[in-house]
Amino acid sequence: MKRRYRIVEIGILTLLLAAIRFFEQDLFYDPLIVFFKSDYLLGIIPPMDMAKLMINLSLRYSLNSIISLAIIYICFRDLGILKFSILLYAALYIMATSVFIFLVLNIEREHYLALFYVRRFLIHPLFLLILLPAFYYYRLMSYGKT
């Protein structure tokens, strides 16, 4: 019975992640959404309010991270894994935002693709898709040793 509740909890959290993605244009300021949906390799990056963009990018990253961390905790029920995940999410945020800011401020047409992928790591819960199988494999190996 407990397992069903966990699956339902993960399902609800996954729907929250999907809602953030579905309502992204209504919820967050991000002129790059429209830019990257067009033929961006030939275009010019749109003007943007950098402070507003960074606040919204950070908010979106935070929401996705909190939901992702909740999914990780529900899956594994391990505070050690949760703490490690928090550190990884914090490190990714610091590194990816630094690169993102550098790319936006020094943008040239040949860096558009790099900007696209760095931004994608910040606005989508891709890190969750990397961590879940990694922790699952870690668990399998840990139980195999005892």
(Q) With heavy-atom distances below 4.5 Å as the criterion, would you say the side chains of Val118 and Phe121 are in contact? (A) no
Q | Backbone of Ile123 reached by a side-chain donor or acceptor of Asn64 within 3.5 Å | A | yes
Q) Tell me, do Leu57 and Arg60 make a side-chain contact under 4.5 Å, heavy atoms counted? A) no
Q. Can you name the one residue among Thr14, Ile67, Ile72 that meets side chain to side chain contact (heavy atoms under 4.5 Å, CB included) with Leu128?
A. Ile72
Q. Are the side chain of Tyr29 and the backbone of Met48 linked by a donor-acceptor contact shorter than 3.5 Å?
A. no
Q: Quick one: pull up CG in Leu115 and CG in Leu32 and give me the separation to the nearest 0.5 Å.
A: 6.0 Å
Q: Answer yes or no: is there a side-chain heavy-atom contact under 4.5 Å between Asp30 and Arg119?
A: yes
(Q) Rounded to the nearest 0.5 Å, what separates atom CG in Leu69 from atom OG in Ser62? (A) 10.5 Å
**Q.** Leu126 side, atom CG; Tyr117 side, atom OH - distance, nearest 0.5 Å
**A.** 11.0 Å
Q. To the nearest 0.5 Å, what is the distance between CD1 (Ile101) and CG (Leu53)?
A. 9.0 Å
Q: List the steps, then state whether side chain to side chain contact (heavy atoms under 4.5 Å, CB included) holds for Leu132 with Ile71.
A: CA-CA 9 Å; Leu132 277 178; Ile71 290 172; 4.3 Å; yes
Q) What residues, two or more places apart in sequence or in another chain, satisfy ring-ring contact (aromatic ring centres under 6.0 Å, His included) together with Phe127? A) Tyr89
Q) Linking I/L/V/M/F/W/Y whenever any side-chain heavy atoms sit under 4.5 Å apart, do Leu129 and Leu15 land together? A) no
**Q.** Heavy-atom side-chain contact between Leu122 and Leu92 under 4.5 Å
**A.** no
**Q.** Euclidean distance, Ser68 OG relative to Leu17 CG, rounded to 0.5 Å
**A.** 5.0 Å
Q: I would like to know whether Glu9 and Lys2 meet salt bridge (Lys or Arg N to Asp or Glu O under 4.0 Å); could you show each step before the answer?
A: CA-CA 11 Å; Glu9 290 170 336; Lys2 235 179 179 183; over 6 Å; no
Q: Examine Ile130 and Ile74 and state if one hydrophobic cluster contains both, with Ile, Leu, Val, Met, Phe, Trp and Tyr joined whenever side-chain heavy atoms are less than 4.5 Å apart.
A: yes
Q. Which residue pairs pass the ring pair (Phe, Tyr, Trp, His ring centres under 6.0 Å) test with at least one member in residues 47-74, sequence neighbours excluded?
A. Tyr61-Tyr93
Q) For Phe28, which residues count as a ring-ring contact (aromatic ring centres under 6.0 Å, His included) partner, sequence neighbours excluded? A) none
Q: State, yes or no, whether a side-chain contact exists between Arg139 and Asp78 at a heavy-atom distance under 4.5 Å.
A: yes
Q.
Is there a path of hydrophobic side-chain contacts, each under 4.5 Å between heavy atoms, that joins Ile20 and Ile66?
A. no
**Q.** Electrostatic pair Glu24:Arg21 at N-O distance under 4.0 angstrom
**A.** yes
Q) Between CZ of Phe135 and OG of Ser142, what distance do you get to the nearest 0.5 Å? A) 11.5 Å
Q | Cluster check Leu87, Leu131: I/L/V/M/F/W/Y, side chain < 4.5 angstrom | A | no
Q) Do Ile33 and Val104 sit in the same hydrophobic cluster, where Ile, Leu, Val, Met, Phe, Trp and Tyr count as joined when their side-chain heavy atoms come under 4.5 Å apart? A) no
Q | Of Ile81, Leu82, Leu88, Ile86, the residue whose pairing with Phe84 passes side chain to side chain contact (heavy atoms under 4.5 Å, CB included) | A | Leu88
